[in-house]
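First the structure, in the form of structure tokens, and then the observations on it.
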There are 2 protein chains.
Amino acid sequence: MTPQKIEKDTEGKILEAAKRVFTLKGLDGARMQEIADEAGINKALLHYYFRSKEKLFMTIFRVELNNFFPRLIPILLSDEWTYVQKIRHFVDEYIELFLKNPFLPAFVLREVNRNPQVIAHFIVESDIQSGKLKEVMRVLGKEMGLSSNEVLHLLITTVSACIFPFAGKPIIEQVLFNGNSDEYNQFLQERKTMVADFVICYLKGRQISNGNE
Amino acid sequence: MTPQKIEKDTEGKILEAAKRVFTLKGLDGARMQEIADEAGINKALLHYYFRSKEKLFMTIFRVELNNFFPRLIPILLSDEWTYVQKIRHFVDEYIELFLKNPFLPAFVLREVNRNPQVIAHFIVESDIQSGKLKEVMRVLGKEMGLSSNEVLHLLITTVSACIFPFAGKPIIEQVLFNGNSDEYNQFLQERKTMVADFVICYLKGRQISNGNE
DNA sequence: AAAATTATTAACCATTTGGTTAAAATTTTA
DNA sequence: TAAAATTTTAACCAAATGGTTAATAATTTT
């Protein structure tokens with residue numbers, strides 16, 4: 001019962017509005033007044049709760065950066081799955097994340113390039129440990145019969161193949177699909193299996209033909 | 001003889017300075033005063049030559065967007081090369097371009113997402129014809145034994161694998177190499193052969209094992 | 001219910017910023 | 001070389017913007 005409309009508290013409304021505006025327009029493009037309007041409150045409240053634009057932005061950015069690095073490492077380290085299953089799970093989860101947060105890639109790339117220093121700070125405070133990554137390279141390398149360095153490149157290629165279709169949406173939609181957003185979305189849907197297939201077929205191709213072209 | 005220092009004309013100095021500032025900071029982050037300082041001229045001259053910030057920006061953006069879509073289609077359509085050679089050439093040229101213009105990917109992605117409408121306009125005025133792209137899919141599909149749709153995904157994956165390491169430099173450098181930029185540059189150098197190998201091995205893997213995992 | 005604390009607002013402020021103007025310097029033309 | 005044109009500059013302007021303040025409203029505490 002009592003299905004009353006739940007009034008979000010002011011801080012929550014601000015965070016929600018700030019996320020929308022910042023992810024869409026970036027720190028430089030966002031206006032405090034716009035965030036206030038979007039939240040339906042007075043502009044002074046933004047400063048009352050978050051002191052400054054910079055501080056409010058950092059609050060949002062910290063959360064979004066953590067979303068951008070989801071818990072994918074456990075998947076790659078699991079000993080319950082074959083590497084083929086790991087790849088499928090990894091790509092599945094990552095693309096699903098971006099389907100739910102389509103602006104996340106462009107936002108993170110924009111802000112990380114605007115202020116490259118900031119990422120070092122967030123990396124150490126977050127649970128993104130590049131220590132575990134070394135372990136991932138080792139384990140996967142063993143399973144796939146690749147060197148650590150080859151796994152590194154393969155990982156970047158896989159991540160690239162997941163992220164770029166979202167970060168480059170306006171280009172892809174316009175250049176490849178003449179602005180037809182249905183076709184673009186269709187393309188994204190296919191992406192999960194396509195990317196996983198790529199990686200898996202690559203590994204199969206390597207096992208058989210070694211180096212000769 | 002006469003190795004006198006060539007004084008660029010004002011318009012050239014402005015364009016050069018505007019390119020540096022805009023590509024690094026974006027339209028929203030750039031300041032007209034900073035561009036003037038960078039060019040070593042009075043701010044009013046920017047308006048004398050280019051009317052407004054927006055107009056100056058568009059002049060730069062038009063050029064950079066064309067750089068971003070280099071003449072790669074002829075490579076893919078050539079009938080002088082096998083598809084393996086085409087892939088190597090394509091990846092080589094594209095990564096070489098970004099090694100020479102490291103900020104190009106981040107800049108284009110940032111601005112294209114800030115104002116997605118603008119790309120439609122530039123696409124039609126430029127020589128980026130998505131008509132030729134259909135032809136590319138068909139030709140490559142035939143050569144590689146793939147459907148047009150599979151070629152599309154393969155193309156995006158290849159382009160992604162070339163672009164993302166540059167667009168995501170701060171992330172990759174920090175997360176994967178603990179901020180060591182020498183290691184990051186080393187990684188970029190290896191990238192040309194790695195990406196091409198990836199695509200080529202994928203195709204070999206497909207030819208042999210069809211579907212079964 | 002009075003006092004104290006917290007939340008919210010309208011009005012205001014200082015600075016930044018894109019853009020203008022009118023005069024001066026330079027170059028071109030006649 | 002004088003006039004006409006183009007180029008360059010310093011000073012200025014209006015709007016936008018992040019931020020503050022002081023008063024008011026709402027809530028919590030005593």
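Proteins get letters first, then strands, A, B, ... in listed order; numbering begins at 1 in each. This structure is a prediction, so every number in the text was calculated from the model and none was measured.
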| query | How many Å lie between NE2 on A:H47 and P on C:dT6, as a whole number? | reply | 21 Å
| query | Which residue, A:S52 or B:G40, contacts DNA chain D at a nucleotide closer to its 5' end, judged by nearest heavy atom? | reply | B:G40
| field | A:F164 ring center within less than 6.0 Å of B:F164 ring center | value | no
| field | Interatomic distance where CD belongs to A:Q33 and P belongs to D:dA15 [whole Å] | value | 17 Å
| query | B:K13 has an atom NZ; how far is it from atom P of D:dT7, in whole Å? | reply | 14 Å
| task | Spell out, as yes or no, whether a donor-acceptor pair under 3.5 Å connects the side chain of B:N178 to the backbone of B:N180. | result | no
| remark: Among C:dT8, D:dG19, C:dT20, the one nearest any side-chain atom of A:Y48 is C:dT8
| task | Starting from C1' on D:dC13, measure out to CE on B:M32 and report it in whole angstrom. | result | 16 Å
| query | Across the strands shown, which category fits A:A30 at heavy-atom distances under 4.0 angstrom: base, sugar-phosphate, nothing? | reply | sugar-phosphate
| request: May I have the distance from B:E11 (atom CD) to D:dT6 (atom P), rounded to whole angstrom? | output: 15 Å
| task | Take atom CG of A:L45 and atom P of D:dT24, then tell me their distance rounded to the nearest Å. | result | 17 Å
| field | A:T10 side chain near C:dT8 phosphate (N/O to OP1/OP2, under 4.0 Å) | value | yes
| Does A:E11 use its side chain to pair, donor to acceptor, with the backbone of A:Y49 at less than 3.5 Å? | no
| Do the ring planes of B:H153 and A:F187 sit parallel (below 30°), tilted (30 to 60°) or perpendicular (above 60°)? | parallel
| Considering only C:dT9, C:dG19, D:dG19, which nucleotide approaches the side chain of B:K53 most closely? | C:dG19
| task | Looking only at side-chain atoms of A:A44, point me to the closest of D:dT21, C:dT6, C:dG19. | result | D:dT21
| field | Proximal nucleotide (of D:dT9, C:dT6, D:dG19) relative to the B:N42 side chain | value | D:dT9
| field | hbond_proxy B:K43 side chain to C:dG19 base (donor-acceptor, 3.5 Å cutoff) | value | yes
| Between B:R31 and C:dG18, does any side-chain N or O lie under 4.0 Å from OP1 or OP2? | yes
| query | What does B:Y49 touch in the nucleic acid at a heavy-atom separation under 4.0 angstrom: a base, only the sugar-phosphate, or nothing? | reply | sugar-phosphate
| task | Check the distance between D:dT27's C1' and A:D9's CG and give it to me in whole angstrom. | result | 15 Å
| task | Look at the aromatic rings of A:F90 and A:Y94 and report parallel, tilted or perpendicular, splitting at 30° and 60°. | result | tilted
| Distance, rounded to the nearest Å, where B:L56 contributes CG and C:dT17 contributes C1' | 15 Å
